[in-house]
Number of protein chains: 2
Amino acid sequence: MTGGRGRRPGAGDTRSLILAAARDAFAEHGFEAATLRDIGQRAGVDPAMIHHWFGTKEKLFQAVVNAPVDPQEVLAAGLPDDPERLGEHLVRTLLTVWDSPQGSAALVVVRSSMRSSRGAALLREFVLARVIRTAVAPLGLTEDEALWRGNLVATQLAGLVMVRYVLAVEPLASTAPDDVVAVLAPQVQHYLTGELALTGGPPRSPSGATPRTPRPTPRSSG
Amino acid sequence: MTGGRGRRPGAGDTRSLILAAARDAFAEHGFEAATLRDIGQRAGVDPAMIHHWFGTKEKLFQAVVNAPVDPQEVLAAGLPDDPERLGEHLVRTLLTVWDSPQGSAALVVVRSSMRSSRGAALLREFVLARVIRTAVAPLGLTEDEALWRGNLVATQLAGLVMVRYVLAVEPLASTAPDDVVAVLAPQVQHYLTGELALTGGPPRSPSGATPRTPRPTPRSSG
DNA sequence: GTGGAAATTCATTGCCCGATGAATTAGTGG
DNA sequence: CCACTAATTCATCGGGCAATGAATTTCCAC
């Protein structure tokens, strides 16, 4: 059991244990609601160790977030030759990453991005924009069409992440990856290479932004 | 400064003041990190009033979430007779609500809910679950199939909300509603009434949960 | 106007949090 | 095997939190 105090016997890579426990806890509760006591318990370690190794809760969080995955790199690996299989590749890759331990880290990033509109901007710029562009790059589309199809793909993939991982809605949260791929991949593929049903021609965002107008405003005050 | 205790003189719709203050506070800090003290201060009111009017912090949050819009009510209005037009109705209704001033309030709720698993649970229970069931109700499906198809619809709609409103990614954020409906409605319709491509039969969530496996765990301990 | 009901604040309770520092034990170099 | 350093736990502090109940004031029916 919990022996007395003092240095532990054998190996004990306590720092890593804390880091992993913190990653899970932050993913689960967000930064504010996660507690050092809980993290310590998950790591099987006294909460004081966290201060010993990381100083403060904030610094621990930074340590967790600074060990991210490069989405482009992951995506690029195993890109299929056939453009008609690209949708399947995207969905499967997404599921693989998010079902892995790295998924917790990704959850941390997504959750913490919601803390401010600046966080949302970061998520938009560095993840969505780059990832989506990487994803549709093999298709050799025009600039406008790449953006538009990329956005559509993003809606389906972002929605999958939301429902399955962030909100964990059943039954989708517990459905086998193969089944998810089977159902969603064709839809994603349609956004990539299918014929898009449009009433009055493609929504050619007429060069630059022309914000539609009286929408609630993409306010950045938060 | 603040006069003594006892009932206030004039009008004082305290309940509404608290509700508005709570909406802002939850939006800014998320459910867990928002404090009743802060909400009370924003509303210019003693925190004890919150307990007087709402009971607990959680009930206050529910009141905030349910205030902007009763999704069921909005959805029910204008339900098409033809099940094959249900997808279009869902997408169009969603865009109408989110493009309206109520959309700002909804955005607040979504942002704050995503930040912790607790907030996510509340969103899942009180909004998503009900909306999904209402949405697929006209189809007269079996329990399992309704849940499954509802989840799929939710991925597409939630993704639309994320990309267009929460992250405000261009060009989708500035695309005319009609164009969005034209492109997305067929996909949603497919989830509602189309034939779903499945490898080994429908993912009949085998009664109860069978958590896929070693994911970060949907633990509810927190 | 007077008596009760509703609204509001104050004072307090108990809990949990993050942080700190002393006490204790295990490794390590000589 | 002895000193020294690093790792770990324990006990505790001050603070902020949600919640409760009593005290006080206004409103309203009669």
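Just so you know, these numbers come straight off a predicted model, no measurement behind them. Letters go in sequence order (proteins before strands), and every chain restarts at 1.
The backbone N or O of A/Tyr191 lies less than 3.5 Å from a partner atom in the side chain of A/Arg149, making a donor-acceptor pair.
A sub-4.0 Å separation between OP1 or OP2 of D/dA7 and a side-chain N or O of A/Trp53 is absent.
Taking the ring axis of A/Phe26 as reference, the NZ or CZ atom of A/Lys57 does not stay both within 45° of it and closer than 6.0 Å to the ring centre.
Rounded to whole Å, atom P of C/dA26 lies 15 Å from atom CE of A/Met49. Computed from coordinates, the A/Leu17 CG to D/dA7 P distance equals 14 Å when rounded to whole Å. In this structure, the NE2 atom of A/His52 is 16 Å from the P atom of D/dC10, given to the nearest Å. Counting to the nearest Å, the C1' atom of C/dG27 and the CG atom of A/Asp13 are 16 Å from each other. The CD1 atom of A/Ile50 sits 10 Å away from the C1' atom of C/dG18 (whole-angstrom rounding). Following rounding to the nearest Å, A/Ile39 (CD1) and C/dC17 (P) show an atom-to-atom distance of 11 Å. Protein atom CG of B/Asp38 is 14 Å distant from nucleotide atom C1' of D/dA18, rounded to whole Å. Between the CZ atom of B/Arg15 and the P atom of C/dT8 there is a distance of 12 Å, rounded to whole Å.
Of the candidate nucleotides D/dA18, C/dT8, D/dT9, D/dA18 has the atom lying nearest to any side-chain atom of B/Leu36.
Nucleic acid contact for B/Ala34: sugar-phosphate only, since backbone atoms but no base atoms lie under 4.0 Å from a heavy atom of the residue.
You won't find any donor-acceptor pair under 3.5 Å spanning the side chain of B/Arg37 and the base of D/dG16, going by distance alone.
For the pair A/Val166 and A/Arg111, the tightest heavy-atom approach, listed with the atom from each and the gap, is O-NH2, 3.1 Å. Residues B/Leu86 and B/Gln189 share a closest heavy-atom pair of N-OE1, 3.4 Å.
Listed by chain and number, the residues in a side chain to side chain donor-acceptor pair (under 3.5 Å) with A/His51 amount to none (sequence neighbours excluded).
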Inset, instruction - Produce a footprint string for nucleotides 20-25 of chain D: one letter per nucleotide, 5' end first; B if the base is under 4.0 Å from any protein heavy atom, S if only the sugar-phosphate is, - if neither. - result: BBBBBB

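For the 3.5 Å distance criterion, the side chains of B/Tyr165 and B/Asp99 qualify, holding a donor opposite an acceptor. Side-chain contact of B/Glu32 with A/His29: a donor-acceptor pair under 3.5 Å is absent, judged by distance alone.
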